[in-house]
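Lettering of chains follows the sequences in order, A, B, ..., and the numbering in each one begins at 1.
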Number of protein chains: 2
Amino acid sequence: MHAVASEEIAVSRIAAAIGEAARARILYCLLDGHARTGTELAIVAEVTPSTASVHLNKLRQERLIQVQAQGRHRYYSLGGPRVARALEGLSVLAGGTHKAFVPSAPARLRTARSCYDHMAGALAVELHDRFLALRWIKAEPGRNNHAYDVTVMGAQAFAALGVDVDAARSMRRRFAYGCLDWSERRPHLGGALGAAFLSLSLKKRWVDRDLDSRALSVTALGRREMGARFGAEL
Amino acid sequence: MHAVASEEIAVSRIAAAIGEAARARILYCLLDGHARTGTELAIVAEVTPSTASVHLNKLRQERLIQVQAQGRHRYYSLGGPRVARALEGLSVLAGGTHKAFVPSAPARLRTARSCYDHMAGALAVELHDRFLALRWIKAEPGRNNHAYDVTVMGAQAFAALGVDVDAARSMRRRFAYGCLDWSERRPHLGGALGAAFLSLSLKKRWVDRDLDSRALSVTALGRREMGARFGAEL
DNA sequence: CCGACACTTCGCTTATGGTCAAACTATGCA
DNA sequence: TGCATAGTTTGACCATAAGCGAAGTGTCGG
């Protein structure tokens, strides 16, 4: 009983946070999964940056959004899939026919590229999301910045592909983490594991390196194989 | 763009309607499906009848509740399952931290049960979520109620388990849809496919039927197998 | 070190909206 | 008809919070 009552007030706090036009605009803007800066969100919210700052603080306080500082920018993104789910539930009530997050495939692939020694761009973001959904990787509970670990299931799967997870883990560098993508503004897989995966993808000719740039192109083989193995929609 | 903007304000109006402590108490009281009178709701909302009347009007205006006059009483009830679903989404957010930090959950398994001919309860909801994440099933784009289809990848996977997807599809009944779970208030897999999966789970002894009730119990084998195959956290 | 930029904090004004008591309407019972 | 109960409407009061501009903090680039 007591727990129920406290949950009610928690819900009302959260709903009140959503229930303000400027904040709703911010949340629905972030619903595409892309991170944005405070000034960008001020524009979509149609308020001044100072007002937006207050709103963003409130949303963060209710764990509806999270912030990641990078240089002098602060990138805001949705608090997680649960937040998206809750917003969708409200959308259904609002009578809105909800658009089913359908990115056009060829456009996404054009932005595949390498970031130091691992993949970046839309392809990398998609793979990152699929690895998470398949539970091959998992966010580390420790609040250190966006670290991942490989699950037991994932270790077998990566090994079957030909990725030496143990070797990657024993390196002195960071093992695996969510690296924020500049173009997509969503995380992709970085660290030793990300590097090992890129090297494997090149070896298997799933992707090819451009000769004079960091651009990567997905081969027909790669499209087929990655689609079948990860369910990646390429 | 314009449609998106109008949806945002509709959502913020609805969220604002929920985002008030007294109204949230009313809605959560009605979540059990029972209709109640205005005075009863005034008591649970901890306000005077006059204040409650204003709140009830507002909730009705946003279609969150409906009223049914009967003599000199007016019975208020939730606006429908969609409202329950939206409230559930917000509850998940409110209790999200609590839920995230309880990984091993024998308590969750206790709520496994059958619903007509398919699984329901926490186990079924978890499996439903995993099937979606693994992209074995996919929401039908058509706006008909929560229909699912099996993906190419999913068809292979279900066949490998021993589920005859084609047979399920050719039945005269509904193939697959998200059935709203009243205890979990989240969807689980219903329809011919859900029935086929339950029958398979019983055959493989992943779950056992209680003799005199609709309760299901997950066997040690089922815990192991479903964890390994679907990544379900049981 | 400085200026440009991104963002936050503060003080103030304004407006929205929750609250109640009192008055009002409507129904049922005798 | 008259009274009691259920519920709504209205008006006044007050608290909360959204809004902005100005001033402050912090970070990058020269």
Side-chain angles (χ1 to χ4, degrees), chain A residues 5 8-30 34-77 145 180 182 185, chain B residues 5 8-30 34-77:
Chain A
E8 283 159 14
I9 66 158
V11 165
S12 72
R13 283 173 58 92
I14 289 173
I18 304 171
E20 202 278 332
R23 287 195 293 256
R25 281 191 285 269
I26 289 172
L27 289 171
Y28 273 77
C29 173
L30 292 175
H34 291 240
R36 290 183 224 282
T37 66
T39 34
E40 285 173 332
L41 292 172
I43 292 168
V44 306
E46 298 170 22
V47 290
T48 61
S50 61
T51 305
S53 179
V54 177
H55 285 316
L56 290 168
N57 251 330
K58 188 159 220 162
L59 290 173
R60 200 152 65 92
Q61 195 180 321
E62 299 299 330
R63 310 267 173 203
L64 293 173
I65 61 175
Q66 58 194 172
V67 65
Q68 191 172 354
Q70 207 158 98
R72 60 179 160 178
H73 296 273
R74 304 192 66 182
Y75 288 99
Y76 293 93
S77 53
N145 244 348
L180 192 60
W182 249 100
R185 296 198 182 156
Chain B
E8 282 158 14
I9 66 158
V11 166
S12 73
R13 283 172 58 92
I14 288 173
I18 304 171
E20 204 277 332
R23 288 195 292 255
R25 281 191 285 267
I26 289 173
L27 288 171
Y28 274 78
C29 173
L30 291 175
H34 288 111
R36 288 180 223 280
T37 66
T39 32
E40 284 173 330
L41 292 172
I43 293 167
V44 305
E46 298 172 20
V47 289
T48 61
S50 61
T51 304
S53 180
V54 177
H55 285 318
L56 290 168
N57 252 330
K58 188 158 218 162
L59 289 172
R60 200 152 63 91
Q61 195 180 321
E62 300 298 330
R63 312 266 172 202
L64 293 172
I65 60 173
Q66 55 195 175
V67 65
Q68 192 175 348
Q70 208 162 101
R72 63 176 161 177
H73 294 275
R74 305 190 65 182
Y75 287 99
Y76 293 94
S77 54

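Atom C1' of nucleotide D:dG7 and atom CZ of B:Arg36 are separated by 18 Å, given to the nearest angstrom. Spacing between atom CZ of B:Arg74 and atom C1' of C:dT27 amounts to 12 Å, rounded to whole angstrom units. Computed from coordinates, the A:His73 NE2 to C:dC5 P distance equals 12 Å when rounded to whole Å. B:Arg23 places its CZ atom 9 Å from the C1' atom of C:dG17, with the value rounded to the nearest Å. Look at CZ on B:Arg25: it is 12 Å from C1' on C:dG18, rounded to the nearest Å. Put simply, CD1 on B:Ile9 is 17 Å from C1' on D:dA18, counting in whole angstrom units.
Contact record, B:Val44 with B:Arg25: O-CD, 3.3 Å, taken as the closest heavy-atom pair. Considering all non-hydrogen atoms of both residues, A:Ala45 and A:Ile26 come closest at CB-CG1, 3.7 Å. In terms of heavy-atom proximity, B:Leu30 sits nearest to B:Ile65 at CD1-CG2, 3.8 Å.
Listed by residue number, A:Glu20 are the residues of residues 13-21 of chain A with a heavy-atom contact under 4.0 Å to DNA chain D. DNA chain C is contacted by B:Thr51, B:His55, B:Lys58 of residues 51-65 of chain B, taking any non-hydrogen atom closer than 4.0 Å.
The CG atom of A:Leu41 sits 8.0 Å away from the OH atom of A:Tyr76 when rounded to the nearest 0.5 Å. Atoms CG and CD, from B:Leu59 and B:Glu20 in turn, are 9.0 Å apart once rounded to the nearest 0.5 Å. To the nearest 0.5 Å, the span separating OG on A:Ser53 from CZ on A:Arg74 amounts to 8.0 Å.
Residues satisfying the side-chain contact (heavy atoms from CB on, under 4.5 Å) test with B:Arg13, not counting sequence neighbours, are B:Gln61, B:Glu62. For A:Thr51, the side chain to side chain donor-acceptor pair (under 3.5 Å) criterion is met by A:Thr48, not counting sequence neighbours. Remark: B:Ala52 engages B:Ala42, B:Val47 in a side-chain contact (heavy atoms from CB on, under 4.5 Å) (not counting sequence neighbours). With sequence neighbours excluded, the residues satisfying side-chain contact (heavy atoms from CB on, under 4.5 Å) with B:Thr37 are B:Thr39, B:Glu40, B:His73, B:Tyr75. Under the rule for a side chain to side chain donor-acceptor pair (under 3.5 Å), the partners of A:Arg23 that lie at least two apart in sequence or sit in another chain are A:His55. Applying the side-chain contact (heavy atoms from CB on, under 4.5 Å) test to B:Ala24 and every residue at least two apart in sequence or in another chain returns A:Ser12.
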Treating primed atoms plus P, OP1 and OP2 as sugar-phosphate and everything else as base, which nucleotides of nucleotides 24-30 of chain D get B, S or - for protein heavy atoms under 4.0 Å?
---SB--
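In the set C:dC20, C:dT8, D:dG7, the nucleotide with an atom closest to the side chain of B:Thr37 is D:dG7. The side chain of B:Val47 approaches C:dC20 more closely than any other nucleotide in the set D:dA6, C:dC20, C:dA6. Set against C:dT8, C:dA22, D:dG7, the side chain of B:Thr39 has D:dG7 as its closest nucleotide.
Side-chain contact check for A:Ile18 versus B:Ile18: every heavy-atom pair is 4.5 Å or farther apart. Contact annotation: the side chain of B:Val54 never approaches that of B:Asn57 to less than 4.5 Å [non-hydrogen atoms, C-beta and beyond].
Distances shorter than 4.0 Å separate none of the side-chain N or O atoms of B:Thr48 from OP1 or OP2 on C:dT19.
Inter-axis angle, ends of the helix from C:dC1-D:dG30 to C:dA30-D:dT1, five pairs per end, rounded to 10 degrees: 30°.
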